[in-house]
Amino acid sequence: MDRLEFLVEERSMAEVLKVLLPRILPASWVLDENYFIRPHEGKSDLKRSIPKKLKGFAQHKEQTTGFIIIHDQDSNDGRQLKQELVALCKANQAPNIKFLVRIVCHELEAWYLGDMKAIQAVFPRFNPARHLKKSLFRLPDTCQNPKTRLKDIVGDYQQIATAQMIAPYIDIEHNRSESFRQFVSGIRKFITAKR
């Protein structure tokens, strides 16, 4: 693969990826040189963008471009949403285009809830032990409205600022969010697969 394009819904995910991807990707992958993070203005904008970007890069037949699409599940059925996005990619795929779809269950904040030590690093008054006893937080991907839950437990929450502050503390290898673990392992397999 010559180039990676990360297509995400919004800026907060882009801010998190700027910090996480250098810890996930091999050192040969460099932001804004051979991989790029493209935030969108929400889900509709992201979905409209996918066919255009795939068709645009398909014209560069001399290079293989991998697209990694990251979409929040929110209240959707995760499997159905993934099938829709995969179908959209397949309908616009060319031989030099590869793609991977990852669904965040339910929102980006579930990834934060999957690493309570990272939350504590940014919000020192937060007590992880108190929250880990609650079934609601033991499996962060099953937590409905993780953004609201996070606001409730940390108080002052600003989406972009929190993304920038918390990303450096997220433990890549020990997050309790299954969608986070699938995201990390999916990228690692995707870039090493012989296709």
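Rounded to the nearest 0.5 Å, atoms CD1 (I24) and CG (L21) are 5.5 Å apart. Taking CG of L31 as the reference point, atom CD of E33 lies at 9.0 Å (rounded to 0.5 Å). Once rounded to the nearest 0.5 Å, the distance linking SG of C105 with CH2 of W111 reads 10.0 Å. Considering CD1 of I70 and NE2 of H40, their distance stands at 11.5 Å, rounded to 0.5 Å. For the atom pair I50 CD1 and F99 CZ, the distance stands at 10.0 Å (nearest 0.5 Å). A distance of 5.5 Å separates CD1 of I153 from CG of L113, quoted to the nearest 0.5 Å.
When only modelled atom types and interatomic distance are considered, S177 and D141 share a side-chain donor-acceptor pair under 3.5 Å.
Sorted by first and then second residue, the ring pair (Phe, Tyr, Trp, His ring centres under 6.0 Å) pairs involving residues 121-168 (not counting sequence neighbours) are F126-H131, H131-F137. Identified under the salt bridge (Lys or Arg N to Asp or Glu O under 4.0 Å) test for residues 50-61, with sequence neighbours left out: none.
When the side-chain hydrogen bond (donor to acceptor under 3.5 Å, both in side chains) test is applied to Q59, no partner is found at least two apart in sequence or on another chain. With sequence neighbours left out, E10 forms a salt bridge (Lys or Arg N to Asp or Glu O under 4.0 Å) with no residue at all. Evaluation of the salt bridge (Lys or Arg N to Asp or Glu O under 4.0 Å) rule for R181 yields E178 as partners, not counting sequence neighbours. Not a single side-chain hydrogen bond (donor to acceptor under 3.5 Å, both in side chains) links Q120 to another residue, sequence neighbours left out. For the ring-ring contact (aromatic ring centres under 6.0 Å, His included) test, no residue two or more places apart in sequence or in another chain qualifies with Y112. Checked against side-chain hydrogen bond (donor to acceptor under 3.5 Å, both in side chains), R48 has no partners two or more places apart in sequence or in another chain. For R188, the salt bridge (Lys or Arg N to Asp or Glu O under 4.0 Å) partners at least two apart in sequence or on another chain are E173. Looking at residues two or more places apart in sequence or on another chain, you find no side-chain hydrogen bond (donor to acceptor under 3.5 Å, both in side chains) involving E41. Not counting sequence neighbours, E62 has no partner by the salt bridge (Lys or Arg N to Asp or Glu O under 4.0 Å) test.
In summary, E84 and K82 do not engage in a salt bridge, as defined by a charged side-chain N under 4.0 Å from a carboxylate O. We find that E109 and R149 are not joined by a salt bridge, their nearest charged nitrogen and carboxylate oxygen being 4.0 Å or further apart.
The closest donor-acceptor contact from the side chain of H106 to the backbone of D74 lies under 3.5 Å. Put simply, the side chain of N145 never gets that close to the backbone of K147: no donor and acceptor are under 3.5 Å apart. The main-chain N or O of F180 is never found under 3.5 Å from a side-chain atom of N175 such that the two would form a donor-acceptor pair.
Looking only at side-chain heavy atoms (C-beta outward), D115 and H174 stay at 4.5 Å or farther from each other. Here the side chains of T65 and L54 are not in contact, with every heavy-atom distance at 4.5 Å or above.
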Let me check something: any side-chain donor-acceptor pairs from residues 161-170 under 3.5 Å, sequence neighbours excluded? List them with distances.
residue: T162; atom: OG1; partner: Q158; partner atom: O; Å: 2.8
residue: Q164; atom: NE2; partner: E15; partner atom: OE1; Å: 3.3

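The number of heavy atoms from other shown groups lying within 6.0 Å of NZ (K90) does not exceed 12.
I160 and M13 fall into different hydrophobic clusters, defined by Ile, Leu, Val, Met, Phe, Trp and Tyr side-chain heavy atoms under 4.5 Å apart, directly or through other members.
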